[in-house]
Amino acid sequence: MFKPLHNYVLLTRLEEENKTAGGIIIPDNAKEKPFRGQVVAVGEGIYENGQKVPMTVKKDDIVLFAKWASSANEVKIDGIDYVLIKESDILGIL
């Protein structure tokens, strides 16, 4: 299995609803990529001023990440699509 380094987090995207609150079905080609994900793996953290800063998120957390995250990388591992992102681009844990 893939192990992220430093402060990187490996996520799978969670699909958004395909219907609006009013019941209108959104076709696949009109959907934006979801910004919620499930944590698959996390790095060990980083060192700042000689002190190790532990990771806040952990495996299986559901997170919301920045829409335009500068660190987000789409990767395919063993045929599965993932997002590799720095923990600082994660906005919160749901």
Side-chain angles (χ1 to χ4, degrees):
M1 181 60 183
F2 181 83
K3 174 74 173 165
L5 297 178
H6 309 296
N7 61 338
Y8 276 91
V9 178
L10 188 67
L11 306 170
T12 56
R13 289 186 187 267
L14 296 177
E15 292 301 317
E16 301 294 329
E17 289 292 320
N18 62 352
K19 256 197 254 187
T20 66
I24 298 171
I25 296 176
I26 303 168
D28 287 339
N29 61 352
K31 289 182 190 175
E32 289 188 11
K33 287 186 177 178
F35 306 108
R36 288 186 321 132
Q38 183 169 11
V39 177
V40 175
V42 298
E44 295 291 326
I46 58 173
Y47 284 88
E48 288 182 359
N49 300 322
Q51 298 291 321
K52 186 173 183 179
V53 179
M55 300 291 278
T56 304
V57 298
K58 62 185 182 316
K59 187 178 185 305
D60 295 327
D61 281 348
I62 305 297
V63 298
L64 183 68
F65 57 95
K67 182 175 185 176
W68 304 111
S70 60
S71 69
N73 294 290
E74 302 279 336
V75 295
K76 186 174 276 204
I77 302 169
D78 296 330
I80 301 171
D81 292 323
Y82 295 99
V83 177
L84 186 62
I85 192 169
K86 283 187 176 179
E87 187 182 43
S88 60
D89 284 325
I90 293 175
L91 303 174
I93 301 170
L94 299 171

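- With rounding to the nearest 0.5 angstrom, the NZ atom of Lys59 is 7.5 Å from the CD atom of Gln38.
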Under 3.5 Å donor-acceptor pairs involving side-chain atoms of residues 40-48, not counting sequence neighbours:
unit_1, atom_1, unit_2, atom_2, d
Glu44, OE2, Lys3, NZ, 3.3

Between side-chain atoms of residues 79-87 and protein atoms elsewhere (two or more places apart, or another chain), which donor-acceptor pairs fall under 3.5 Å?
unit_1, atom_1, unit_2, atom_2, d
Glu87, OE2, Thr56, N, 2.6
Glu87, OE2, Val57, N, 3.0

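- Atom OG in Ser88 sits 8.5 Å away from atom OH in Tyr8 (nearest 0.5 Å).
- A search for side-chain hydrogen bond (donor to acceptor under 3.5 Å, both in side chains) contacts involving Asp61 returns Lys58, not counting sequence neighbours.
- Contact check for Val9 versus Asp89: no side-chain heavy atoms found under the 4.5 Å cut-off.
- Neither Val53 nor Met55 shares a network with the other; the hydrophobic side chains, linked directly or stepwise wherever heavy atoms of I, L, V, M, F, W or Y lie under 4.5 Å apart, form separate groups for each.
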